[in-house]
Amino acid sequence: MKRKLRLWGWPLGHSLSPLMQGIALDLLGLEWGYVAEPVKPEGLKEAVSQFRRDPACWGANVTIPHKQAIMEHLDEISPLARQIGAVNTVTRLPGGGLRGENTDVGGLAQSIQAKGLDPGGLRGVILGAGGAARASARVLSDLGIAEITLFARRPPGSTWWENLLERRARPSTSIRSWNQICAYLKEQGPEDRQVIINATPVGMWPEISASPLDPGQLSLVPRGSWVVDLVYRPRMTRLVTEARSLGFNTLTGEGMLVGQGALSLEMWIQKPLSPEVVEAMCQAVRKELEGSSC
Ligand code: NAP
């Protein structure tokens, strides 16, 4: 049976997932179809029901705005997806039911480790308080950071952290309002190296001249810090470009994109992907991002 994989989101625009998943399936010699299916919020329930009824439908990726809303339509949610509060991958259970997983956390962790970023000994700063921010907090905590400060224009209550971080070696956490970023940076000594993660859409195409941190704020960041942008379109955001020009270590969002996609595919084919297949996915994404105007 030719298995079907789907991507649900709205709008789907220029999603890179069909490209990278298609290349990987070709290399694996699998004649499965990975198709982007634009689904409006009001159509999500029906999209999941149709998928459920067709035994050839084997898995799906879920993106904005459905990552939370899909949970109520599934039969099982993985503990990690439950803790993050977001599902980005759907798999078929042996009995036919549907399970929600989260591979954003694993994708970001892989991308951070592949770049040699060790958050132990750094102070974590997360910009934003949505799903990507929750995934970021979990990754920094899992990788041994001692302290995380979250900045949001609508600061959530302290329950935001509840159930998110594993109890073992839990970092100290705080939430501050967006306009306190400067004050926070001024409080840091030269030895207080940071890992700053942009988990907002600020700087994303088409608003590419925007940045969550202006040059004045960046100049306050201690030397030797890391700046991570989860935005991947454009590949080189204004934040990353300016951080690099100031000599900071940087990480762009495409690594997380490929990492989460590779982990989803591993769940569907139920075996690890070879480094060659992951590299081919990465090359395809990079080529597309470098060649596109958006
Ligand atoms: P989300 O749940 O909508 O959360 C977005 C967060 O950003 C919210 O806290 C929002 O605050 C804040 N925000 C939006 N505009 C802002 C602004 N102008 N100034 C300050 N804060 C602002 O979205 P998400 O799923 O977390 O995704 C966030 C971004 O991460 C996406 O746009 C995407 O670029 C990136 N991402 C990348 C990957 C990857 O694979 N590389 C994966 C997931 C996400 P309010 O609540 O006040 O609006």
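Whatever order the structure lists ligands and atoms in, that order sets their numbers, starting from 1.
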**OP:** Flag atom 10 (C) of ligand 1 as yes if some protein heavy-atom distance to it falls below 4.0 Å, otherwise no.
**Re:** no
**OP:** Counting heavy atoms only, name the option from Ile126, Asn88, Thr200 that's nearest to atom 7 (O) of ligand 1.
**Re:** Thr200
**OP:** Using a strict cut-off of 4.0 Å, indicate which atoms of ligand 1 neighbour a heavy atom of Val231.
**Re:** 34 (O)
**OP:** For atom 2 (O) of ligand 1, state whether the nearest protein heavy atom is under 4.0 Å away.
**Re:** yes
**OP:** Please say whether Arg153 places an N or O atom under 3.5 Å from an N or O atom belonging to ligand 1.
**Re:** yes
Original post:
Does Arg138 pair with Glu166 as a salt bridge, N-O distance under 4.0 Å?
Top reply: yes
Original post:
Should Arg6 and Glu37 count as an ion pair when the cut-off is N to O under 4.0 Å?
Top reply: yes
**OP:** Measure from atom 40 (O) of ligand 1 to every heavy atom in Val258, Leu108, Leu257 and give the option owning the shortest one.
**Re:** Leu257
Original post:
How long is the gap from CG on Leu289 to CE on Met236, to the nearest 0.5 Å?
Top reply: 12.0 Å
Original post:
With the 4.5 Å side-chain cut-off for hydrophobic clustering, are Leu230 and Leu80 part of the same group?
Top reply: yes
Original post:
Only one of Gln188, Arg123, Glu191 clears side-chain contact (heavy atoms from CB on, under 4.5 Å) with Pro222; which?
Top reply: Gln188
Original post:
N/O of Ala132 under 3.5 Å from N/O of ligand 1, yes or no?
Top reply: yes
**OP:** Write out the residue and atom name of the closest protein heavy atom to atom 4 (O) of ligand 1, then the distance separating them to 0.1 Å.
**Re:** Gly130 CA, 3.4 Å
**OP:** For atom 43 (C) of ligand 1, grab the closest protein heavy atom and report residue, atom and distance to one decimal in Å.
**Re:** Lys67 NZ, 4.0 Å
**OP:** Give yes or no for whether the N/O distance cutoff of 3.5 Å, strictly under, is met between Ile64 and ligand 1.
**Re:** no
Original post:
Tell me the salt bridge (charged side-chain N to carboxylate O under 4.0 Å, His left out) pairs involving residues 73-96, sequence neighbours left out?
Top reply: Arg52-Asp75, Glu76-Arg99
**OP:** Heavy-atom distances under 4.0 Å are what count here, so tell me which part of Pro212 touches ligand 1: side chain, backbone, both or neither.
**Re:** neither
**OP:** Take every heavy atom of Ala152, measure it against each atom of ligand 1, and state whether any distance is under 4.0 Å.
**Re:** no
Original post:
Salt bridge or not for Asp104 and Arg134, using N-O below 4.0 Å?
Top reply: no
**OP:** Could you check atom 28 (C) of ligand 1 against the protein and tell me its nearest heavy-atom contact, residue, atom and distance included?
**Re:** Ala199 O, 3.4 Å
**OP:** Check whether any N or O atom of Ala129, backbone or side chain, sits under 3.5 Å from an N or O atom of ligand 1, and answer yes or no.
**Re:** yes
Subject >> Between CG on residue Leu164 and CD1 on residue Ile84, distance to nearest 0.5 Å >> reply: 5.0 Å
Subject >> Salt-bridge criterion met for Glu290 and Arg235 (N-O under 4.0 Å) >> reply: yes
Original post:
Tell me, which protein residue and heavy-atom name are nearest atom 46 (O) of ligand 1, and how many Å apart are they?
Top reply: Arg154 NH2, 2.7 Å
**OP:** May I ask you to check whether Gly131 has an N/O atom sitting below 3.5 Å from an N/O atom of ligand 1?
**Re:** yes
Original post:
Going from CE on Met281 to CG on Leu25, what distance comes out if it is rounded to the nearest 0.5 angstrom?
Top reply: 8.5 Å
**OP:** May I ask you to check if ligand 1 and Gln260 share an N or O to N or O distance below 3.5 Å?
**Re:** no
Original post:
Met204 heavy atoms, cut-off 4.0 Å: which ligand 1 atoms fall inside?
Top reply: 32 (O), 34 (O)
Subject >> Atom indices of ligand 1 within 4.0 angstrom of Pro201 heavy atoms, with elements >> reply: 7 (O), 13 (N), 14 (C), 15 (N), 32 (O)
Subject >> Parallel, tilted or perpendicular: rings of Tyr34 and Trp268 (30°, 60°) >> reply: tilted
Subject >> Residues Glu147 and Arg170 bridged, charged N to O under 4.0 Å >> reply: no
Subject >> Sub-3.5 Å N/O-N/O distance, Leu230 and ligand 1 >> reply: yes
Original post:
Nearest heavy atom to atom 39 (C) of ligand 1: which of Glu207, Gln68, Met256 does it belong to?
Top reply: Met256
**OP:** Salt-bridge test for Glu46 and Arg53: reply yes if a basic N is under 4.0 Å from a carboxylate O, no otherwise.
**Re:** yes
**OP:** Of the side chain and backbone of Val202, name the one, both, or neither that has a heavy atom under 4.0 Å from an atom of ligand 1.
**Re:** side chain
